[in-house]
Structures are given as structure tokens and as C-alpha cells.
Protein chains: 2
Amino acid sequence: MLAGQNLYTACTIGNDTIMPRERTPRSPISSIDVARLAGVSQSAVSRSFSPGGSVSPAMREKVLAAAAVLGYRPNLIPRIMLSGRSRMIGVVVGGLDNPFYAAVLDHFAVVLRAVGLQVLLVQVPDALALDGALDQLAGYRVDAVVTALAVGTRQAATALSDLRIPIVCFNSRLTAPWISTVRSDNRAAGQAAAHLLADRGARRTAWLAGPRDSAATRARARGFLDGLAARALPAPVVIVGQDTYHDGYAAVRDLLRGHRPPEAFFCSNDMMACGAIDALRAHGLTVPGDVRVVGYDNIPQAAWHGYDLTSFDQQVDRMAEAALDLLTSALADPATAAKGRTRTVPARLVERGSTAPQAR
Amino acid sequence: MLAGQNLYTACTIGNDTIMPRERTPRSPISSIDVARLAGVSQSAVSRSFSPGGSVSPAMREKVLAAAAVLGYRPNLIPRIMLSGRSRMIGVVVGGLDNPFYAAVLDHFAVVLRAVGLQVLLVQVPDALALDGALDQLAGYRVDAVVTALAVGTRQAATALSDLRIPIVCFNSRLTAPWISTVRSDNRAAGQAAAHLLADRGARRTAWLAGPRDSAATRARARGFLDGLAARALPAPVVIVGQDTYHDGYAAVRDLLRGHRPPEAFFCSNDMMACGAIDALRAHGLTVPGDVRVVGYDNIPQAAWHGYDLTSFDQQVDRMAEAALDLLTSALADPATAAKGRTRTVPARLVERGSTAPQAR
DNA sequence: TTGTACGCGTTATCAT
DNA sequence: ATGATAACGCGTACAA
């Protein structure tokens, strides 16, 4: 098996051993090859491929013909050296098993490509593994880094700041030099959840929290508590999971063992909400008949008929656009890029069957 | 709004206008900066950062100290020019809304990083948009391309072959120079599905097909038909969707309108299978009581209690490893890389409640 | 062991 | 409009 062993070292050794004093056999065609074939200068080739290059139609045609014969494609790597800009954005994700993060990456890849930027993707198991990933990205001279990771620790923030390139975080709360944040209005959404459930007649509620260290989860909880207080409702029962379906299922199952069931659940994300619904049904309860459930993220599964889950849509498209906007303005103006900015996108409440009014 | 407009052009113009004769202001520190500070030669810096470089401990220490002061990180871009290898792999995906493809990308990013390769991600809406994406990847001189796209057309295959670098496809059936394929054993799985459903007593079955042009779907169908024939069962009713939940729901809903319900469904993927289950239940049927359902992919949602769906696990981890193996051997030996190879990974049947034996 | 000089493929500048 | 040349930052053969 090859995994785990560093291929780079292996290759270097291989080259040293097998072909000691041989220059790299360049299979990709270079502009000089095209120039030779066309009988023109290298600069003419370059100009023929540059949008604003001043070349006569005859010259251009001759060059393009030669290029087509050889299958030449301009090499962007030297351009990086000259311009100092790679036009690559490092995108750090931590697990695509959550459809929400998959959607974020999907949208973001699209908007970046639309403006001619590339995505250099790094997947890391958790924020602790961030450092190693950053070394790689720094080496490839990415122009900026975007991460959907919960950047909670100050150490991680420092590592990001040290790159001295624009950083854009999703739903982080950290403020540090170079770090901008685009976030959902978690607090307002939490309040809205409380009011919705109160409107539906629920008094005894439960809050199904996500990972403790996540700023997003904490903000949602605070908003929910505020909203309940504003309606003079008692504080919710609090149960905690990570952010997976199975955590949601297990947490609710355990709660139901000893407890009288709450009348409504607000869940930190949709995955856990789906788990909660299945646990409630496994316990013989109906949704929304006996219990109302609200989630967060509006993942595709929330719209599936089996769940029909009321949720808060983070409007991934708008967040991606906001992130792109932060990014491009930071790239255009390195002076202000050093002090990060924050953009808040409102979450849109999508009401579905899981909070339907009681039909008696 | 910035989207749609090419940032590169914009930047070039900006540079020409605002700072006409100024060389790029290099914010990243170069080895020459470190050399100057440490009072040594540039090569000494290079050697200090190379694994096998012959440097005295004193020299190395001096260099590393200076590098730490400046925050120097070796630039990998020139290395690309010298070695002719970027150590970047172009990964082309087409929509991460299907959790299966998200999982494929996730696993693949991990195994690539483990051997020190980078992922240059390109998301394309469909195989038709492939050409534009390939130009970008070619410009960045990726060492190879991996795609989970259904590369069906010969035109797409030609575009890939023309890159003259190793290509690895997932579940494609195309054979062309440079193109290797790693695929699930779709046909055997289709047969197994037929036998399983026959064992459960089903006679009248339905095949919920995915996109017409997908080689994977066709192979699964062929296997299913073979298996049914081997058990002397009638051919299935065939209904077709794209590959989404909503297609599966709609297709089954429409089928049930005019038809007596089949006793079992085999679905081209799990997303459609979930839609099928919900449509069956909306029609008042129970799963597995009235109807058995089998899916394909074993996405996380198949294990959710609400569906409890029997499915074929493509063993994404093994497919990712097989793809990496094809990739690394192709990179190591360009001679044989030109003729593609195929690797087949068996699909593992995961039996769940949706095909439970009838309890009478 | 350490320093010098060159080359990778392209773009920008300058001279023609 | 076209050609020649320098420069980007690093690795490396060669000289010292």
C-alpha cells in the first residue's frame, strides 16, 4: 500500500537513481516550441495568447496554427511567479458528510470559477489538523483561504493570521487580523424559532445543542433563550450531541427514557433534527401531532416527505456571494484586508409540516 | 456584482492604470531575503529546507532562525517549473448535492493528501461544460485528472485524452488513451438485487432507472434483468428519473396512479430509493410490508431509521484507494499510463429493514 | 560544506 | 508590429 508514505520523497529518490543527470523531459509543449515551428519569436507566441496583445492577424493565425499542431497550452505557472498571484484560493473543509457543508463547497466553487479563481481543496479531520494544511497552502501561494471549519481556538486563528493573506471564515466568531467572517444571523433565527414554537402553543421546549465549541450553536441557543424569555416561557431542557444524525437520535432517545416529552424541539442543525424526529417516532410520538421540531440549515433532506422539517435556510448562495465579495475586495486592497470584516446574512425561515398548526 | 466578470482582466487593467511601472510588490518572503538576513548564500537557504541538503548544523540553524524571523515559507511554484510536476491533481465533480459524490470527494481528498498531492477542484454543471474546466486545469499543469462525472460522450473522452496526462474516471465505461476507470461491480450487484428480492417472495418487480446515458445505471439494469431471468421471474416494470429524490418520488407516484403496485423496487441510487419509499407510504403502502425496496450507494441517509434502506455499498474508501493506485502507478510510469486500465471493486450488499423477511 | 551561475516558461519592457 | 532581453524564486551542477 502506498497511503501514508510520502510520494514526493519517493519520486525524488527515483529520479536521482534512475536518471541522474537528466533534465526533466518536458512533455508539455512550451511557447518556444511553438515559436520554433512557426518561425517567429517567443514573444509573438505569448502575445498571440494574451487578450490584449498587439499582433497582426497574420501572425496570430500562424502562431495558433503551430500551437494547434503541437497541442500547446499556455502554462500559467510562470505567470504566478511574475505576478505574485496564483489565482488559487485555499478552501479548507472538515467533512463533507454534512450536506450543508457540501452545499457550501459546491456553491463556493461555482462563484469562484465564475470570476476565474481556482479552488485548492484541503480536507482536514478537525481544526487541530489545520496547521499542516496551512503549510501546504502557503507553499502553493494561494491568494486567500476560505474555511467552513469552526475556527474556535485562538491558536488556529493565529496560524491563519500568520499567513498574512485574506482569510474568510464561515460562521466563526473569531476576530483577528486578516480574518473576515460571513455568518448567518444565528441569534435572530434562534429568537424566531422560539416565537414560532410559542405561536404553535408549545410551553415545554427542548434545545438540542451541537458541538460545545461552535460559535454558531451558542448564538442560536442564546437567541432561542431570549425568544422564550420574551414570551414568558420556561427555559428549555438542554441536550447535547455532536452534529450528526445519530447524535440527534441518541440524545432524544435518552431524553425520552426518563422524561415527559417536551412539546417542541429546536435543533442546532437539520441532521440532528432528522435524528430527533426518528427517535420521537420510534418512541410512539407523532410529529407534528405530539411534538413540533425545528432545525437549522435547510439541507435537502429537510424537504423530504418523510421529515417535512421546518428549518432555517442559511441561504448558501447569498453567503457564498458575500464571501466572494469579502474575498475580492480584500484581494484588491491588501491595506484594508489586514483588518477583517464581518458580513451577516439573515436566515430565512422555511415552514414545513413539522411545525404545522394543530388540526383538531 | 462581481460574478460573471473576469477578475483577471480586471486586475491587469488595474495594475496598468494605478501602478504602471512597478514590479509586483512581493509580500511573501523569498529565499533571497532570508539569505540576506542570515548573511549566507541563497543556495544555503535552499539546502537548509531540502530534506537531503548537505548543510552544516550551524548553517542550518542560522538559516532557520532568519527564516523564522521573516516568516519565510518555501515557495513551491518554482519547483513546479523545475520538476515539471505540480503535484496537483485536477478533480472534476458535478454537483455535491448527492451525498455519494460528496463522500467520494471527501475520501479522495484524504488519500491524496496522505501521499502529498493537492486537489485542484473544479465543479461543472454537466459533462458538456468539461472543456472549459480542462483548459483551466491544463494551464495549471495538473499532473492528472480525476472525475466522478459520467463521461459518456466520445467528445468528452477525446478532450480528456488530449491532455496527455493520466485520467481516472469513476463508474465510466469509456475506454480511450490515458483514461483509467475504477468502477463498482454494477452488474453483479444488479443480479444480487434480483436474487434477494426473489428470495423475499417478490414476483412483480420494478426497476427505477437513473439517467439514460449513465453506464453505471445501464450495467445495474442488465444485471437485474439477468438475475430475474435466472429465477424465472417476469421482467420488471421500468420507470425512469434523473438521479434525485424528487425524481424518484414523482416516478413512483405516477406509476402507482394507474398500476397495481409492484411487490419490490430496485432503484438505481439511494436518493431515488428514498423518494420511492416516501411515495409508497404517501400512497398508503408500507415498506417492507407491502413493498420491498433496494437502493444503491449506501449513502448515510440509507441508514436513517426513517428509511432503513437495503443498499449496495460502493465501498468508497476502497474505490478511492484503487483510484489512487491507478493514479500513482500512472504518474510513476508515463509509458503505460497512455493505455488506461480498469479496476473493479465489488459492491457490498447491506441488508436493512426495507427488505426484511415478511413476518406473518 | 559553501558560493556562483544557470535554467525552468512566461510576461513586461525596451529597441527596432 | 515584432524581436531581444530581463526578471520572477527556486533547485542544482560546478567551482572553490
Side-chain angles (χ1 to χ4, degrees), chain A residues 8 11-12 15-16 19-36 38-63 67 72-87 138-141, chain B residues 8 11-12 15-16 19-36 38-63 67 70 72-86 138-141:
Chain A
Y8 180 76
C11 287
T12 304
N15 280 345
D16 286 353
M19 28 174 133
R21 292 173 200 291
E22 192 178 356
R23 275 276 163 201
T24 326
R26 313 269 43 234
S27 105
I29 313 302
S30 76
S31 64
I32 203 169
D33 300 318
V34 178
R36 192 143 39 208
V40 300
S41 77
Q42 201 189 73
S43 337
V45 178
S46 173
R47 277 190 283 259
S48 298
F49 280 95
S50 302
S54 68
V55 258
S56 66
M59 167 70 85
R60 174 178 231 113
E61 193 176 349
K62 197 162 51 174
V63 169
Y72 166 72
R73 313 234 192 188
N75 186 346
L76 298 181
I77 301 298
R79 185 183 291 188
I80 298 176
M81 293 182 59
L82 292 177
S83 68
R85 312 188 78 227
S86 65
R87 308 195 57 70
Y140 278 88
R141 293 292 189 263
Chain B
Y8 180 76
C11 288
T12 304
N15 280 348
D16 285 353
M19 28 174 132
R21 288 170 205 293
E22 191 178 356
R23 275 279 163 200
T24 326
R26 313 266 46 233
S27 103
I29 313 302
S30 77
S31 63
I32 203 170
D33 300 319
V34 178
R36 192 142 39 206
V40 299
S41 78
Q42 192 197 63
S43 358
V45 178
S46 172
R47 278 189 282 257
S48 298
F49 279 94
S50 302
S54 68
V55 260
S56 66
M59 168 69 85
R60 176 179 228 111
E61 194 177 349
K62 196 161 55 172
V63 169
L70 296 176
Y72 167 73
R73 315 233 191 186
N75 187 347
L76 297 181
I77 302 299
R79 186 183 294 194
I80 298 176
M81 293 183 59
L82 293 177
S83 68
R85 312 188 80 227
S86 64
Y140 277 87
R141 291 294 189 263

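To find a chain, count down the sequence lines: A is the first, B the second, and so on, and within it residues start at 1.
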Rounded to whole Å, the CD1-P distance (I32(B) to dC10(D)) equals 9 Å
Is the phosphate of dC10(D), meaning OP1 or OP2, less than 4.0 Å from a side-chain N or O of Y72(B)?
-> yes
In whole Å, what is the span from the CE atom of M81(B) to the P atom of dC10(D)?
-> 13 Å
Establish whether the base of dG9(C) is bridged to the side chain of R141(B) by a donor-acceptor pair shorter than 3.5 Å.
-> no
Rounded to the nearest angstrom, tell me the gap between atom CD in E61(B) and atom P in dT2(C).
-> 13 Å
Quick one: is R79(A) getting a side-chain N or O under 4.0 Å of the dT11(C) phosphate, OP1 or OP2?
-> yes
Which sits closer to the 5' end of DNA chain D, V55(A) or V45(B), going by the nucleotide each is nearest to?
-> V55(A)
Check whether any side-chain nitrogen or oxygen of S41(B) sits under 4.0 Å from OP1 or OP2 of dT2(C), and answer yes or no.
-> no
Under-4.0 Å side-chain N/O to phosphate OP1/OP2 contact, S83(B) with dG11(D) = no
Taking all non-hydrogen atoms of both residues into account, name the closest pair between V63(B) and V34(B) and its distance.
-> O-CG1, 3.8 Å
Are any side-chain N or O atoms of R60(A) and backbone N or O atoms of S48(A), one a donor and one an acceptor, separated by less than 3.5 Å?
-> yes
Which is true for S54(A) with a 4.0 Å heavy-atom rule: it touches a base, it touches only sugar-phosphate, or it touches nothing?
-> base
From CD1 of I29(B) across to C1' of dC8(D) the rounded distance in Å is 15 Å
How many angstroms lie between CG in L76(B) and OG in S86(A), if you round to the nearest 0.5 Å?
-> 11.5 Å
Of P78(B) and S56(B), the one whose closest nucleotide on DNA chain C sits nearer the 5' end is S56(B)
Nucleotide dG9(C), atom C1' - distance to OH of Y140(B) in whole Å = 15 Å
Reported CG-to-CG distance for the pair L70(B) and D33(B), which is rounded to 0.5 angstrom | 6.5 Å
L76(B) CG to dC8(C) P, straight-line distance once rounded to whole Å = 20 Å
Is there a side-chain polar atom (N or O) of S46(A) under 4.0 Å from OP1 or OP2 of dT11(C)?
-> yes
Atom-to-atom span, CZ of R47(B) to P of dT4(C) - whole angstrom = 11 Å
Any donor-acceptor pair under 3.5 Å joining the side chain of S43(B) to the base of dT4(C)?
-> yes
Gap separating the CZ atom of R47(A) from the CE atom of M59(A), nearest 0.5 angstrom = 7.5 Å
Roughly how many Å is it from CG in L82(B) to P in dG11(D), rounded to a whole number?
-> 7 Å
